[in-house]
Amino acid sequence: MMKKHITAIAIATFTMLFTSVGCSKQEQQASNELRIPALIDSLENKDIQLQLRKGQHQFYANVNSETMGINADYLGPTIRLYNGSSANISFTNQIGETTTVHGHGLHVPGNIDGGPQLAIKPQATWRINIPVRQQAGMSWYHPHFMGKTAEHVHAGLAGIYLIEDENSISLNLPKHYGVNDIPLVIQDRTFINGKMKPYAVTHDQMMDGLREETLVVNGTVTPFTNVPQGWVRLRLLNGSNARFYRFYFENNETFYKIATEGGFLNNPVALQELTMSPGERNEIMLDLSNMDNIHLMAEFLPSDPDDQLFFMSWLNPTASVVELRVDGALTAQGELPKTLNDIKAFTQDDKDSANLRRFTLDMDDDGNNAVMDHHSMFSINGQSMKMNVINERVSKGQFERWSITAEMMPHPFHVHGVSFQILSHQGKPPAEADRGWKDTVVVGPEPTEVMMRFNHQAGEQAPYMYHCHILEHEDGGMMGQFTVK
Ligand code: C2O
Ligand code: CU
Ligand code: CU
């Protein structure tokens with residue numbers, strides 16, 4: 001008890017120290033109840049109508065911020081999809097400018113992937129039928145219009161897809177959405193007198209990616225949520241433009257990672273910390289049967305950890321992501337399964353037959369603060385993203401082995417339309433907790449190798465993308481297009 005108290009004070013002090021930089025008193029306020037995005041089940045709703053619109057969202061009581069959302073003022077509903085079935089979704093664009101809606105993590109053909117080519121004009125409606133052909137996992141949707149992705153996501157356009165399958169339905173996991181199965185969309189924003197600062201970047205922020213000071217979780221600042229006295233499943237999405245976080249619980253409480261972006265790990269992996277880059281998802285479980293409350297914490301990692309001497313890391317800001325408060329009135333349900341999945345690693349034959357491609361992400365700081373056209377400063381294999389250039393052509397069903405390196409700082413590399421396995425991660429074997437299906441991976445100077453097979457078609461009119469998921473880098477041109485035929 002005493003220990004908890006001291007930790008709480010330490011957290012409060014840290015938070016104050018931290019938020020007091022450039023923030024007003026208004027922002028150092030008590031906890032808010034965590035917002036849970038509305039849930040739409042695609043089996044119950046055969047005509048899911050989503051409206052992208054402008055909103056007025058109150059991050060702080062009685063202060064309106066100019067935001068955007070989907071059927072909401074900020075963020076959008078969670079949509080539950082079922083493997084083997086399909087979902088009818090229409091996206092109506094009421095934000096007053098062109099955008100697109102990409103299904104990040106979905107294994108769908110290029111024409112419903114929602115990449116930069118699939119523009120939705122103002123007032124127009126984009127209708128798609130998503131054939132769900134992938135295992136249970138957490139994906140998400142967000143705009144992907146060339147040069148506008150960072151701004152649109154920052155304003156609040158993003159939401160979650162929860163994919164279920166026979167396995168996820170039969171496992172005795174915590175399943176009560178928003179109660180013991182909790183989505184956490186984690187973002188960072190700047191507030192001035194309680195008002196969210198609209199998207200704008202300087203030259204340096206373009207280079208580092210926009211990293212802001214205040215954590216926002218499902219559109220809530222300093223949230224708490226009531227949970228039952230038992231196992232809780234947290235579905236983490238790093239939905240920030242550029243910030244990397246190290247997550248951990250108070251007192252370094254042990255938790256279990258059960259899933260990566262594309263599905264369950266074979267077995268839970270016990271961890272005390274977890275680092276996540278933008279675009280990555282991880283599902284974790286924690287047992288609260290002997291606790292009253294606990295904070296999930298985040299350490300804000302610097303843009304280039306190599307610039308930081310290791311003993312200086314205590315200077316990194318930390319903040320509470322969410323406080324879990326046990327409420328005895330809620331019924332505990334579910335437990336930690338021993339076996340979750342049966343992922344098979346690629347065989348040597350698979351690897352030998354794979355088509356090898358190499359990618360190098362690069363950025364070139366011309367130091368020119370005056371010129372705000374940053375296009376061409378960011379590239380992959382020496383080329384900046386061009387809407388009319390197809391950079392790679394992939395054969396459907398063929399094993400692909402991609403070796404990726406990156407300069408200047410760690411970059412989260414993301415591939416559309418597929419889940420991959422990591423063969424090697426920055427020159428080392430992947431950690432046990434990363435031996436799952438993924439679609440986003442942090443790359444650096446030492447090569448990272450991923451392997452996959454594309455099962456859907458993506459033609460010249462609607463190709464897939466690979467890119468850095470630091471949204472400023474993506475918008476700046478650190479992206480390429482590829483077809484699958
Ligand atoms: Cu989450 Cu191509 O994006
Ligand atoms: Cu994507
Ligand atoms: Cu990058």
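In what follows, every heavy atom counts, from backbone to side chain, and hydrogens, waters and symmetry copies are set aside. Model, not experiment: these values are computed from the prediction. Ligands are counted one by one from 1 in listed order, and the atoms in each one are counted from 1 as well. Note that the numbering runs from 1 along the sequence shown for the chain.
Annotation: side chain of Phe264 is in contact with side chain of Ser168 (closest heavy-atom distance under 4.5 Å). A 4.5 Å side-chain heavy-atom check between Met363 and Met409 finds at least one atom pair inside the cut-off.
Inclusion of His102 in the first shell of atom 2 (Cu) of ligand 1 is not supported: no N, O or S atom falls under 2.8 Å. Here His144 fails the criterion, with no N, O or S atom under 2.8 Å of the Cu ion (ligand 2). Not a single N, O or S atom of His469, from either the backbone or the side chain, sits less than 2.8 Å from the Cu ion (ligand 2). In summary, no N, O or S atom of His104 is located under 2.8 Å from atom 2 (Cu) of ligand 1. Residue His414 does not count as close to atom 2 (Cu) of ligand 1, with no N, O or S atom under 2.8 Å.
Atom NE2 is the N, O or S atom of His467 at the shortest distance from atom 2 (Cu) of ligand 1. In terms of distance to atom 2 (Cu) of ligand 1, the nearest N, O or S atom of His416 is named NE2. Between atom 1 (Cu) of ligand 1 and the N, O or S atoms of His142, the shortest distance is to NE2.
Under the side chain to side chain contact (heavy atoms under 4.5 Å, CB included) test applied with Ile79, the options Asn45, Asp41, Ile48 reduce to a single match, Ile48.
Of the N and O atoms on the side chains of His142 and His102, not one donor lies less than 3.5 Å from an acceptor on the other residue.
Rounded to 10°, the angle formed at the Cu ion (ligand 2) by His102 NE2 and His414 NE2 is 170°.
Arg357 and Glu400 are joined by a salt bridge, as a carboxylate oxygen and a charged side-chain nitrogen come within less than 4.0 angstrom of each other. In this structure, Glu97 pairs ionically with Lys148, as a charged nitrogen and a carboxylate oxygen lie closer than 4.0 Å.
Below 30°, between 30° and 60°, or above 60°: for His144 and His416 the angle between ring planes is above 60°, a perpendicular geometry.
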